[in-house]
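Structure first, commentary second.
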Amino acid sequence: MTQSLIARLSPEIKQYLVITGNYWSFTLTDGALRMLVVLYFHQLGYSPLAIASLFLFYEIFGVVTNLLGGWLGARLGLNKTMNIGLFLQIVAVSMLALDEQLLTIAYVMVAQALSGIAKDLNKMSAKSAIKLLVPKDQDSTLYKWVARLTGSKNALKGVGFFLGGLLLTLLGFQGALWFMAAMLSITWLSSLLLLKQDLGKKKNKPKFNELFSKSRQLNLLAAARLFLFASRDVWFVVALPVFLASTFGWDHWWVGGFMASWVIAYGIVQANAPKITAKQGGHYQQALKWVVLLSFIPALLALGLWVDWQVKVVIIAGLLVFGAVFAVNSSLHSFLIVKIADSDGVSMDVGFYYMANAMGRLLGTVLSGLVYQFYGLEACLLISSAMLVLASLFTYGLSKRN
């Protein structure tokens, strides 16, 4: 029954399922690996700053990988860059499955750098490939496919947080890593066999100097994306977990469980964004409305903290509202980049865009620790609101142009 159903699917749907399966498998291990590293090195007595430094190369290499990865995808084909990403993740996971005495900070940072490169190659390939599988001028279908892929990825990343803790408990650090490497290897071998050859390969091999976008439309969207994600991470990455632990007195499991649940809920909203934004006007105008709405939320949270009114209610409820509105914004952006990107060499436009995304995450992560240490969570929230005002201005320019 299942085989006959699969046989009746169109080639485009089959490719979409292969790409989605790859992305899901990778995302589960990515979330699990992060939780494994945090919990395991915390057990070994590493300080929070030392643990945070383990992920520094993971974020930095995201900027470079998205830019170069888009160029490689246009030259080699998206099937190859996706499979390279899966293989690098297998190497990164296997590198950490050693005796704990060999796991120095420098060594783990190198392994995390490989994992960061793998993650962005995989994400760029998956997002770019959808553009080629949906017929032109079917924006609603494209929006749904992008939203489902992106939303399911974020929900599974939250599940991966739980999976990492479970595997650490059941199999230990090394056993969990070897198990993940085996599962990824099965996915990689399946992908080598099933993924279409030369998907997304540019007709004329792009030159290296074509890496940066020459489209004003794409530059505006990339700038808006940079400040959108910086606005989230400036208070979400470091400031919020530390605040929950120090002010609310939550232990690590409560903080980790709450953050994982938030990511899962965020992914569910993201996947359903096409239903939420249905019949609300053009996509560019919707993107402007939703980012303007989002810009008020961190400012209101900062006000609630400043007047010291029901701090727990303000933070928890505010985080949920922020997550829902941010998820719609993110889903709209993910659709717009795929829509705007040129079909011939789509990965170059998508790679440039996600380079801006990675820069925003890096900027937000650095500011989150720095600003919180000296000025507290209120300052992080005010900076978040200011960044969203900048994102609104760039989105306004994009909506006026369209």
Side-chain angles (χ1 to χ4, degrees), residues 48 154 223-250 254-270 273 276-277 280 285-333 357 360-397 399:
N154 283 310
R225 182 75 171 195
L226 188 155
F227 287 108
L228 179 68
F229 272 75
S231 76
R232 181 196 67 178
D233 289 358
V234 73
W235 68 286
F236 187 80
V237 172
V238 176
L240 182 64
V242 174
F243 182 84
L244 293 175
S246 60
T247 304
F248 292 177
W250 291 3
W254 266 99
V255 174
F258 178 74
M259 301 290 275
S261 300
W262 185 90
V263 172
I264 293 171
Y266 166 85
I268 293 171
V269 174
Q270 203 171 31
I276 297 170
T277 60
Q280 288 186 11
Q285 288 71 33
Q286 288 183 49
L288 178 60
K289 291 175 186 176
W290 282 92
V291 74
V292 169
L293 174 61
L294 185 65
S295 65
F296 287 99
I297 299 173
L300 291 173
L301 292 178
L303 178 63
L305 289 176
W306 184 63
V307 300
D308 196 24
W309 181 82
Q310 299 290 333
V311 174
K312 274 193 177 182
V313 175
V314 167
I315 291 297
I316 294 174
L319 182 62
L320 294 175
V321 174
F322 180 90
V325 179
F326 187 93
V328 175
N329 272 278
S330 177
S331 199
L332 278 165
H333 272 230
N357 183 97
R361 287 178 51 187
L362 181 60
L363 175 64
T365 299
V366 172
L367 287 178
S368 186
L370 187 65
V371 174
Y372 182 78
Q373 183 169 335
F374 290 102
Y375 302 105
L377 185 60
E378 295 97 326
C380 293
L381 288 164
L382 289 174
I383 291 174
S384 173
S385 190
M387 287 178 168
L388 286 166
V389 171
L390 290 173
S392 299
L393 291 174
F394 285 114
T395 308
Y396 174 75
S399 65

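As the structure is a prediction and not an experimental result, all values here were calculated from the model. Numbering starts at 1 and runs along the sequence shown.
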Tell me the closest heavy-atom pair linking [X] and [Y], and the distance in Å.
X: Met259; Y: Pro241; result: CE-CG, 3.7 Å
X: Ser330; Y: Arg225; result: O-NH1, 3.4 Å
X: Phe229; Y: Tyr266; result: CZ-OH, 4.3 Å

Item to complete: May I ask you to check whether over 12 heavy atoms, not counting those of Tyr375, lie within 6.0 Å of atom OH?
Response: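 No.
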First locate atom [atom1] of [X], then atom [atom2] of [Y], and finally report the distance between them rounded to the nearest 0.5 Å.
X: Asn357; Y: Leu362; atom1: CG; atom2: CG; result: 11.5 Å
X: Ile383; Y: Leu388; atom1: CD1; atom2: CG; result: 12.0 Å
X: Leu377; Y: Phe243; atom1: CG; atom2: CZ; result: 5.5 Å
X: Glu378; Y: Tyr372; atom1: CD; atom2: OH; result: 9.0 Å
X: Leu303; Y: Phe296; atom1: CG; atom2: CZ; result: 13.0 Å
X: Asn329; Y: Lys289; atom1: CG; atom2: NZ; result: 13.0 Å

[X] side chain to [Y] backbone, donor-acceptor under 3.5 Å:
X: Ser331; Y: Val328; value: no
X: Ser384; Y: Cys380; value: no
X: Ser385; Y: Ser295; value: yes
X: Ser368; Y: Ala239; value: yes
X: Thr395; Y: Ala391; value: yes

Item to complete: Under the side-chain contact (heavy atoms from CB on, under 4.5 Å) rule, what do Leu301 and Trp235 come out as? Steps first, then yes or no, please.
Response: CA-CA 11 Å; Leu301 292 178; Trp235 68 286; 4.0 Å; yes
Worksheet item: What residue among Val292, Leu293, Leu294 forms side-chain contact (heavy atoms from CB on, under 4.5 Å) with Ser392?
Response: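 Running side-chain contact (heavy atoms from CB on, under 4.5 Å) over Val292, Leu293, Leu294 with Ser392 returns exactly one hit, Val292.
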Item to complete: Test Trp290 against Thr277 for side-chain contact (heavy atoms from CB on, under 4.5 Å), laying out the working first.
Response: CA-CA 10 Å; Trp290 282 92; Thr277 60; 3.8 Å; yes
Discussion item. Looking only at the aromatic ring of each residue, does the gap between the centers of Phe258 and Trp262 stay below 6.0 angstrom?
Written reply: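 Not close enough - the centres of the two rings lie 6.0 Å or further apart.
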Discussion item. Determine whether Leu228 and Phe326 satisfy the following criterion, side-chain contact (heavy atoms from CB on, under 4.5 Å), listing intermediate values before the conclusion.
Written reply: CA-CA 8 Å; Leu228 179 68; Phe326 187 93; 3.7 Å; yes
Worksheet item: Below 4.5 Å, heavy atoms only, C-beta onward: do Val291 and Leu332 meet side chain to side chain?
Response: no
With a cut-off of 3.5 Å and sequence neighbours excluded, list every side-chain donor-acceptor pair involving residues 312-319.
none

